[in-house]
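One structure below.
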Amino acid sequence: MRWYFGSADPQRAWDELLGSRRLAVDVETVDLVDRTPIGIGVAASGEEAFYLSIFDNPYLPEVLAKLRDGRVQKIYHNSPYDLAVLRPFGIDISNTEDTAILCRLVGYPADLPSASFWVDMQTESAKDLMARHKAKNMLGVPTDKVGLKCSTDTLATFRLFEKLIPTADSKYYQMERAMLPVLETISRGGIGVDQERRAQIEEHYAREVEYYNAICSGMGFSAGSPYQVGFILAKRGNFLPLTRSKRQLATDEITLSRLSDPLAQMVLLYRRAEKFLGTYLRPLAGVDRAYTTLAMDAVTGRVNSSRMNLQNLPKQKESGLAPTVRSIFIPDNKVFTIIDASQIELRVLAYLSGDRRMLEVFQSGGDIHAETMKVMGMTDRINAKKFNFAMVYGADESVISGHTGIRDQAAIRRWTQSWMEGYAGAAAWIWEQRKKGWQDAKVTTLLGRQLKVPLDKGQKHAENCGVNYPIQGSAAEIFKLIMLDCRHLLDVTRVQVHDEEVFDGDVREKLDLEALAHVSPVYTPLEVRIAERWG
DNA sequence: TCGGAAGGCCC
DNA sequence: GTACGGGCCTTCCGAT
């Protein structure tokens, strides 16, 4: 029922816990997929903890009362997970702290087993615990062992928080902390799904898949198996390169789209249909809302979306014939209001590098890609745009070649050269960041967050990260500030996609666009549009 | 049953 | 001879 982990008097510890204004909390669930809670661990110190089984436990109401109390500070390690699991209990989410975020801010590994060494503790991941007990899920582990694990986690969490309180005072942590209830509220709210439309689109793609499947199985292969696709295409006389691991023939989209064999084109159509069906259409059958889990555990500080990723929904294809997956999402209040921080990453590059020409374009409301055309003496705006992104990502000649269709590598080098001459300030900054990435193995964002650069993937990769991390990380920070400024719209906030936020209903008059453009020193005007469907 | 590889969607 | 930064998810298929 109630397990006590400590070396003093359980009753005294319990009374102290119930009087405490600061609790470390951890929830155990069936497993990572089935997030049904089975127990809650709480600690009001770094020495004593309790574990409560969730089922019919007379002590549970007292703990839940603490969790519901906004005056009580709740410390979690990876709070988005616990907040989502505890959602049915109606807990307070406003007074949330998160030691995983603190760990990231001080450059310490954020997984608890690693972090706990820092506070003289040893914790075990749920996965390892289950493996040690040869259990399929946590229900297969003896309850006292689950309780020990959970309690140990809360003790480590409590200790980590105490140790990292100086960091918790930082402006940066306070921003992240403020984001936690925002992300939980969006995750909890979900977005409407038009079942009629969904079923209609599912039928469309199911028919396609059925058709292609009939043909392929008639030919003796499965269209869903890259290995078999490579084998059959090669047998029909197509040349296919090897995959990176050299274990099989490459059959990716780029490769297949270059083949004249109609079978290759059919495989591509099959894959698209199957992808839409398996990832979006079938999983949303029969639900009136779609829910995601938003977190901030990307290395650059970006918001990420999982358990129904709403950040990678296919956009409308220009062909027009195939129905778009995005159109199944509908507003509760007739329309969506969509704000978009256009060109935010290039604005960040302009700001961080102080490149005069870029800054001039952005401040005068010009078109950066058109300016790049002029800078480079190019006639194709699409390719100018690709060069801009190539510079941000650190693409080499062959990658740019594949992307732009410019076959002559020397020509690409000349274009790159003229980009660097035209944007000399940006080029110098990029050069500097590449050096930093490889030599210092860490770089800094706009708001001062230090990002560790991985060195294990080689020098080129580290150099690219040196450029991209601060750009992507700073853009993420600016957009978080924008989201925090939109908290009065939280109840109608539906989706965040890095530089885009979707609100339910027409909220234009509730947006202070002037203020939003100036949340940070990087000028970030927002494009606003109203749409009956998303996408 | 698990996990790597391959493929593919987003910014 | 050579990786374009950050994510998430699905299917296939061989290893355990």
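This is a predicted model, so every value here is computed, not measured.
- Not one side-chain nitrogen or oxygen of A:Arg247 sits closer than 4.0 Å to the OP1 or OP2 atom of B:dA5.
- Side-chain contact between A:Thr445 and A:Leu451 is present, with heavy atoms from C-beta onward closer than 4.5 Å.
- Taking atom C1' on both nucleotides, B:dG4 is separated from C:dC4 by 22 Å, rounded to a whole Å.
- Across all strands, A:Ile400 comes closer than 4.0 Å to no nucleic acid atom at all (heavy-atom distances).
- In this structure, the side chains of A:Val467 and A:Asn464 stay at 4.5 Å or more apart for every pair of heavy atoms.
- Following rounding to the nearest Å, A:Leu32 (CG) and B:dC2 (P) show an atom-to-atom distance of 12 Å.
- Across all strands shown, A:Val497 has heavy atoms under 4.0 Å from sugar-phosphate atoms exclusively, and none from any base.
- At the heavy-atom level, A:Val299 lies under 4.0 Å from the strands shown only through sugar-phosphate atoms.
- For the C1' atoms, the distance linking C:dG1 with B:dG7 amounts to 25 Å, nearest Å.
- Within 4.0 Å of A:Lys127, counting heavy atoms only, lie sugar-phosphate atoms of the nucleic acid but no base atom.
- Nucleic acid contact class of A:Glu345 (heavy atoms, under 4.0 Å, all strands): none.
- Residue contacts for A:Glu500: at a heavy-atom cut-off of 4.0 Å it reaches no nucleic acid atom on any strand shown.
- Using a 4.0 Å heavy-atom criterion, one finds that A:Ser305 contacts the sugar-phosphate atoms exclusively.
- Phosphate contact (OP1/OP2 of B:dG7, side-chain N/O of A:Thr251, threshold under 4.0 Å): present.
- Where DNA chain C meets chain A (any atom under 4.0 Å from a heavy atom), the bounding nucleotides read 5' to 3' are C:dA3 to C:dC13.
- Within 4.0 Å (heavy atoms only), A:Tyr469 reaches sugar-phosphate atoms of the nucleic acid but no base atom.
- Across all strands, A:Arg326 comes closer than 4.0 Å only to sugar-phosphate atoms, never to a base (heavy-atom distances).
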